[in-house]
Amino acid sequence: MKIKDAEIISLMQDPRTQEKGVRALMDAYQSRLYWHIRRIIVDGDLAQDTLQDTFIKAYQNFHQFKNDSQLYTWLYRIATNEALQQVNKMKKMQKSDEDPEYHMQNLIAYNTAGDAEEIQILLQNAIQSLPEKQKLVFMMRYYDDLPYEEISKIVDMSVGTLKTNYHYAKQKIEEYIKENYEDNF
């Protein structure tokens, strides 16, 4: 039986049932949030750590949830912010002599080897080559199938800007695949 958001919110707001609420929150959203984070970060272990950080932040800041958006929208925003912070940390930690694109391609190849077709690797490389905003919008729309209105609340952008970013992301991915498909396969 799937617990409804209203029940989770009620459990989280009562100090006596807050622990049960956290467990229900994690059960309800752990998988969706993990894969959202994983598409941003790529590295599975780091994505799992970031997921835990997301739930800790949600627990610590639940009093700030105003119930003016859906619970998953609020959680996605926290997860997105945590994942982007991790990406920024990873970029700062990279050695100056290391090519970030090469490093990212190796991570993608390592994490998808054996499980995916070559075209999936090419798609992941294309996504990773996008500017950060376009990558984020594309992943939430394409993989999570979120409506633009929900994405707008998560990333704090207008729906028009999101649609433009998604359109450009699709174009760049198509171009990347056309340019690299024959070269790599």
Side-chain angles (χ1 to χ4, degrees), residues 1-92 111 123-124 127-128 130-170 172-173:
M1 180 177 80
K2 189 175 178 183
I3 190 166
K4 294 186 187 312
D5 284 355
E7 294 174 57
I8 293 172
I9 292 166
S10 178
L11 290 168
M12 290 290 293
Q13 290 173 335
D14 185 346
R16 296 172 297 174
T17 59
Q18 198 169 31
E19 189 176 319
K20 185 177 179 184
V22 170
R23 283 196 302 270
L25 183 75
M26 290 174 72
D27 288 344
Y29 292 104
Q30 188 164 7
S31 180
R32 286 174 70 189
L33 290 175
Y34 171 78
W35 287 108
H36 170 66
I37 293 168
R38 177 77 188 263
R39 285 187 287 274
I40 296 170
I41 294 180
V42 181
D43 179 82
D45 293 333
L46 191 54
Q48 189 65 42
D49 291 345
T50 304
L51 177 66
Q52 296 309 314
D53 292 342
T54 298
F55 283 122
I56 290 168
K57 273 234 168 99
Y59 170 76
Q60 291 172 336
N61 297 298
F62 198 79
H63 63 280
Q64 294 178 352
F65 177 68
K66 294 180 177 47
N67 218 4
D68 58 354
S69 65
Q70 293 184 25
L71 185 56
Y72 82 85
T73 302
W74 185 72
L75 290 169
Y76 264 61
R77 186 172 196 145
I78 294 171
T80 300
N81 289 337
E82 289 295 308
L84 291 176
Q85 285 178 4
Q86 282 296 340
V87 168
N88 288 335
K89 284 181 192 175
M90 286 176 7
K91 285 180 183 176
K92 288 178 185 175
N111 284 300
L123 174 62
Q124 291 303 316
I127 292 169
Q128 293 303 321
L130 293 172
E132 207 61 46
K133 283 183 184 178
Q134 289 177 9
K135 183 187 329 180
L136 193 58
V137 170
F138 180 82
M139 288 188 301
M140 284 194 262
R141 183 80 177 140
Y142 181 79
Y143 288 114
D144 298 327
D145 199 28
L146 292 176
Y148 287 113
E149 293 75 20
E150 293 298 321
I151 299 171
S152 174
K153 292 175 186 174
I154 293 167
V155 298
D156 199 26
M157 264 191 241
S158 73
V159 171
T161 302
L162 291 172
K163 287 180 178 180
T164 301
N165 274 296
Y166 185 73
H167 174 75
Y168 285 131
K170 282 190 345 186
K172 288 177 182 177
I173 288 170

task = Assess whether side-chain contact (heavy atoms from CB on, under 4.5 Å) is satisfied between Met140 and Val155, documenting all intermediate values.
result = CA-CA 10 Å; Met140 284 194 262; Val155 298; 3.3 Å; yes
Gap separating the CD1 atom of Ile41 from the OH atom of Tyr34, nearest 0.5 angstrom = 9.5 Å
request  = Check whether any side-chain heavy atom of Tyr142 sits under 4.5 Å from a side-chain heavy atom of Ile127, and report yes or no.
outcome  = no
key: Minimum-distance pair of heavy atoms, taken over all atoms of Ala79 and Thr54   = CA-OG1, 3.5 Å
query = Taking atom types as modelled and ignoring hydrogens, do the side chains of Asp144 and Tyr72 form a donor-acceptor contact shorter than 3.5 angstrom?
reply = no
request  = State, yes or no, whether a side-chain contact exists between Glu7 and Met12 at a heavy-atom distance under 4.5 Å.
outcome  = no
inquiry  = With salt bridge (charged side-chain N to carboxylate O under 4.0 Å, His left out) as the rule and sequence neighbours excluded, what pairs involving residues 53-80 come up?
reply    = Lys57-Glu82, Arg77-Asp156
Distance in Å, Ile8 CD1 paired with Thr17 OG1, rounded so as to fall on 0.5 Å steps = 12.0 Å
ask   = Taking atom types as modelled and ignoring hydrogens, do the side chains of Thr161 and Ser158 form a donor-acceptor contact shorter than 3.5 angstrom?
value = yes
query = Is Ser152 reaching over with its side chain to a backbone N or O of Tyr148, donor-acceptor style, under 3.5 angstrom?
reply = no
task = Would you mind reporting whether Gln18 and Tyr59 have side-chain heavy atoms less than 4.5 Å apart?
result = yes
query = Any side-chain heavy atom of Asn61 within less than 4.5 Å of one from Ile78?
reply = no
task = Report, as yes or no, whether the 6.0 Å neighbourhood of atom NZ on Lys133 holds more than 12 heavy atoms from other residues, nucleotides or ligands.
result = no
Pairwise side-chain contact, Gln48 with Leu51, heavy-atom cut-off 4.5 Å (strictly under) = yes
inquiry  = Between Glu149 and Lys153, is the salt bridge (Lys or Arg N to Asp or Glu O under 4.0 Å) condition met? List the steps.
reply    = CA-CA 7 Å; Glu149 293 75 20; Lys153 292 175 186 174; over 6 Å; no
Student check: side-chain heavy atoms of Met26 and Arg23 closer than 4.5 Å = no
ask   = Parallel, tilted or perpendicular: which fits the ring planes of Tyr166 and Phe138, with parallel below 30° and perpendicular above 60°?
value = parallel
ask   = Could you state the interatomic distance from CZ (Arg141) to CG (Asn165), rounded to the nearest 0.5 Å?
value = 13.5 Å
Option passing side-chain contact (heavy atoms from CB on, under 4.5 Å) with Lys135 (candidates Ile40, Ile173, Val87, Leu130) = Leu130
query = Less than 4.5 Å apart, any side-chain heavy atom of Met139 and any of His36?
reply = no
inquiry  = Please determine whether side-chain contact (heavy atoms from CB on, under 4.5 Å) holds for the pair Leu136 and Leu84, giving the CA-CA distance in whole Å, both sets of side-chain angles, and the decisive distance to 0.1 Å.
reply    = CA-CA 9 Å; Leu136 193 58; Leu84 291 176; 3.9 Å; yes
request  = Return yes when atom OH of Tyr168 has more than 12 non-hydrogen atoms of other residues, nucleotides or ligands closer than 6.0 Å, and no otherwise.
outcome  = no
ask   = What's the spacing between Leu123 CG and Gln128 CD if we round to 0.5 Å?
value = 10.0 Å
remark   = So CD1 of Ile9 and CG of Asn67: to nearest 0.5 Å the spacing works out to 4.0 Å
message = For the OG atom of Ser10 and the NZ atom of Lys20, what is their distance to the nearest 0.5 Å?
response = 10.0 Å
request  = May I ask you to test the Arg32-Leu75 pair for a side-chain heavy-atom distance under 4.5 Å?
outcome  = no
task = Kindly check if the number of other-residue, nucleotide or ligand heavy atoms within 6.0 Å of CD (Glu19) is above 12?
result = no
note = Exactly one candidate in Leu146, Asn81, Leu71 meets side-chain contact (heavy atoms from CB on, under 4.5 Å) with Tyr76; the answer is Leu146
request  = Assess the pair Trp74 and Tyr29: is the distance between their ring centroids shorter than 6.0 Å?
outcome  = no
